[in-house]
There are 2 protein chains.
Amino acid sequence: MADSYHHGNLRQALIDAGIKLINENGEENLSLRKVAAACKVSHAAPYAHFKDKEELIDAIKNNVTERFMDELEAAIEGRATADEAIIAMGKAYVTFFHRNPDYYVFLFGKQNITAHLKMNKEYKNDYPPFLLLRRMYLKHLKENGLDKSYEEQEIDMVKIWSIVHGMASIACMKGIRSSIDWNDLDERILV
Amino acid sequence: MADSYHHGNLRQALIDAGIKLINENGEENLSLRKVAAACKVSHAAPYAHFKDKEELIDAIKNNVTERFMDELEAAIEGRATADEAIIAMGKAYVTFFHRNPDYYVFLFGKQNITAHLKMNKEYKNDYPPFLLLRRMYLKHLKENGLDKSYEEQEIDMVKIWSIVHGMASIACMKGIRSSIDWNDLDERILV
DNA sequence: GCGGCTATCTTTACATTGTCAAGTTTACAC
DNA sequence: GTGTAAACTTGACAATGTAAAGATAGCCGC
């Protein structure tokens, strides 16, 4: 069914083509019609799979977020201690965006994080990287026999997240990007 | 010259109308034609003052950045010690964006920082907030009789900036925004 | 005062884009 | 086989960015 009337798997093809086009031309130059053309379907075909342009972009965003999480999880894989895992995760966090600054803008540029998390109240607890951090942080407390209040825990985690996320953000800025050895830096910064 | 053929001060009027429209409808819904209409001029009039849409947006960005800097400078005004000033500046940094999340996306969403800083190599040293931080940090070293290598200084400053900037970024995310008392938090996080 | 120069603004035009509506084709259940 | 729904095409429309050409007005040298 490769060249039949029905495409076969247009939905995924649109997402893939979208990622490719965004990597080449940036999100602001992405048009539904170009994505459709890249898949050799008519300009209105995407509307069978996505409500509007935003829904396609959200789908792409989810796809990228999954790849991001894959790298974070790969980074903590096999680390002996929670401390090591947290350091590794922080490095992977910064490295992921430093290696591809476009993804930072794409994921956080409009502050959507991910489409399926779109709501107007507390969702930090559902943000995948934060869940991973919490898991490692609790492991860290246990390993070191520490006992902290919920509030103290929150502060610690936000602190770690802030450093890492802030570094990632700064590391992506044009001009600053190449002026600092991030891979070296985060090792010393993450206490 | 209020209703003459020439507007009088169209350039500034376009910037002001642009800020207003962005605050109301977001950057993604800003169109040159709407801005022109808000100033009661023809849709092509802006081209006499700005090369293209991006140049108008950059001008608006500079305007907002100036207001941002004003608040940072006001925050350190009259602080006794550098440490106090840095804390105050950090709070002002986070507060500015927490109070108006749209500005964070607007200023950093496309990672441009400001138009006049647009170049492809090191410009951290020209980023106004960073200059202010450096000034305060050097004051801090002197006040406490500390002597650090240039590299150690860089790490310290990036660390401070990362925490503050990361907190600002996170504080702006929908859903997380209201779930944390940022004003209380940054006081305890900034060592 | 006057001619001209230039910046400012208008009008017109065009290509790109998001989206809708109506029709066409295909797969699939019954 | 027939109907039904999903997947796709075609055609249309309004909004938008931008270029080109013309109109207007302030200003400068004389």
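A, B, ... follow the sequence lines: proteins, then strands. Residue 1 opens every chain.
- Taking the side chain of A:Y47 as heavy atoms from C-beta on, and the options C:dT10, D:dT9, C:dT19, the nearest nucleotide is C:dT19.
- In this structure, A:R11 places its CZ atom 12 Å from P of D:dC8, rounding to the nearest Å.
- Rounded to an integer number of Å, the gap from B:L14 CG to C:dT8 P is 12 Å.
- A salt bridge is absent between A:E71 and A:K91; no separation between the charged side-chain nitrogens and carboxylate oxygens falls under 4.0 Å.
- Taking atom CG of residue B:L10 and atom P of nucleotide C:dT8, one finds them 9 Å apart after rounding to whole Å.
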In 5'-to-3' order, the base (B), backbone-only (S) or no-contact (-) status of each nucleotide in nucleotides 12-17 of chain C, using a 4.0 angstrom heavy-atom cut-off, is BB---B
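- Between the side chain of B:E73 and the main chain of B:D70, no donor-acceptor pair closer than 3.5 Å is present.
- Distances shorter than 4.0 Å separate some side-chain N or O of B:H49 from OP1 or OP2 on C:dC9.
- Look at CG on B:L56: it is 11 Å from P on D:dT18, rounded to the nearest Å.
- Judged by distance alone, with hydrogens and angles left aside, the side-chain atoms of B:D52 form a donor-acceptor pair with the main-chain N or O of B:E54 at under 3.5 Å.
- Judged by distance alone, the side chains of A:D16 and A:Q12 do bring a donor and an acceptor atom under 3.5 Å apart.
- Atom-to-atom distance recorded for B:K51:NZ and B:D58:CG is 9.5 Å, nearest 0.5 angstrom.
- Nucleotide D:dG17 holds its C1' atom 14 Å from the CD atom of B:E55, rounded to whole Å.
- Between the side chains of A:Y104 and A:H165, at least one donor N or O lies within less than 3.5 Å of an accepting N or O.
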